[in-house]
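Structure first, commentary second.
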Amino acid sequence: MTEVASVLYGREEIRRRVEELGRTIAGDYVGREPVFVTILKGGAMFLADLIRAVDLPCEVHFMAISRYGDAAESMGRVRILLDLDIDLSGRDVILVEDIVDTGLTSRYLLSVLRARGPASLEMCALLDKSARRIVPLAPRYAGFDCPDRFVIGYGLDHRERYRNIPAIVQVDDVEVLDRDPDSLLPLLSDPFAA
Ligand code: IMP
Ligand code: MG
């Protein structure tokens with residue numbers, strides 16, 4: 001595609017996998033009404049596709065966080081910029097994340113949610129970059145086991161851009177992208193990434 005980036009998961013592959021995840025979740029939660037809690041902004045696109053494959057009554061809520069430096073520096077502690085406006089006690093909560101990398105952010109968020117007394121708490125991540133895990137954490141539901149590469153597209157950003165690439169694209173040379181953040185703009189109209 002380019003020397004800097006290549007498609008890791010195409011649009012159709014993502015669609016199929018997300019539908020499978022949705023059906024699995026629906027099967028596991030029959031008779032219950034799950035509460036999906038999604039972390040803005042990366043998880044929003046995944047959530048939108050995921051819940052349309054869940055044929056159960058469910059709720060969708062959002063949180064927004066900001067990091068203090070990178071995950072390792074902050075040990076995953078984040079500032080909550082937007083909090084939930086519902087009571088989680090007794091509810092079946094599923095934390096939806098775009099990607100679990102070191103696991104520090106998710107571990108922190110899970111502890112915040114657990115403290116609110118849900119009946120159950122599970123995690124669903126589209127991408128599991130398990131090779132980078134610092135803390136033991138395995139999402140109950142994971143779309144793809146992602147290689148240890150920087151990825152963009154389908155909600156994932158580089159400096160807030162590229163979330164609108166329909167595919168998930170692996171950046172083979174992050175230095176080039178850091179030096180010239182515009183270098184992958186041609187992907188937005190590249191049929192291989194669409
Ligand atoms: P963790 O605390 O290291 O697991 O960080 C998870 C967060 O880092 C994700 O929610 C993303 O916002 C971000 N992140 C980690 N890897 C990538 C990537 O390859 N592309 C884009 N964002 C990433
Ligand atoms: Mg994120």
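Whatever order the structure lists them in is the order used to number ligands and atoms, beginning at 1. Each residue takes its place number in the sequence, starting with 1.
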**OP:** Quick one: look at Asp157 and ligand 1, take heavy-atom pairs under 4.0 Å, and tell me if it's side chain, backbone, both or neither.
**Re:** backbone

Original post:
Quick one: does ligand 1 sit under 4.0 Å from the side chain of Leu156, the backbone, both or neither, non-hydrogen atoms only?
Top reply: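 Side chain only.
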
**OP:** Answer yes or no: does an N/O atom from Asp98 fall short of 3.5 Å to an N/O atom of ligand 1?
**Re:**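 By distance alone, the answer is yes.
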
Subject >> Any N/O pair Phe150/ligand 1 closer than 3.5 Å >> reply: no

Please confirm whether [X] comes under 4.0 Å of ligand 1, counting heavy atoms of the residue only.
| X | answer |
| --- | --- |
| Gly103 | yes |
| His158 | no |
| Arg149 | yes |
| Arg107 | no |

Original post:
Hey, which atoms in ligand 1 end up nearer than 4.0 Å to a heavy atom of Glu97?
Top reply: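 Result: 10 (O).
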
Subject >> For Thr105, atoms of ligand 1 separated by under 4.0 Å from a heavy atom >> reply: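 So the atoms of ligand 1 that pass are 1 (P), 2 (O), 5 (O).
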
**OP:** Can you sort out the partners of Arg79 under salt bridge (charged side-chain N to carboxylate O under 4.0 Å, His left out), two or more places apart, ordered by chain and number?
**Re:**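 Salt bridge (charged side-chain N to carboxylate O under 4.0 Å, His left out) list for Arg79, sorted by chain: empty.
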
Side-chain donor-acceptor pairs of residues 143-151 under 3.5 Å, sequence neighbours excluded:
from, atom 1, to, atom 2, distance (Å)
Asp145, OD1, Ser130, OG, 2.7
Arg149, NH1, Asp172, OD1, 3.3

Original post:
Heavy-atom distance under 4.5 Å between the side chains of Phe36 and Ile51, does that happen here?
Top reply: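 They are in side-chain contact.
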
Subject >> Arg133, Lys129, Lys41: member with heavy atom nearest to atom 17 (C) of ligand 1 >> reply: Lys129

Subject >> Best match, Asp148, Asp101, Ile168, Ile99: closest heavy atom to atom 13 (C) of ligand 1 >> reply: Ile99

Original post:
For the atom pair CD1 (Ile25) and CG (Leu50), what is the distance rounded to the nearest 0.5 Å?
Top reply: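 Between atom CD1 of Ile25 and atom CG of Leu50 there are 4.5 Å.
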
Original post:
Is Arg15 paired with Glu12 through a side-chain N to carboxylate O contact shorter than 4.0 Å?
Top reply: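 Looking at Arg15 together with Glu12, the answer is yes, because their closest N to O distance falls below 4.0 Å.
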
Subject >> Side-chain ion pair, Asp178 and Arg159, N-O less than 4.0 Å >> reply: yes

**OP:** Among Leu187, Val4, Leu8, Leu156, find the one that has a side-chain contact (heavy atoms from CB on, under 4.5 Å) with Val169.
**Re:** Leu187

**OP:** Check the surroundings of atom CZ in Arg11: do more than 12 heavy atoms from other residues, nucleotides or ligands lie under 6.0 Å from it?
**Re:** no

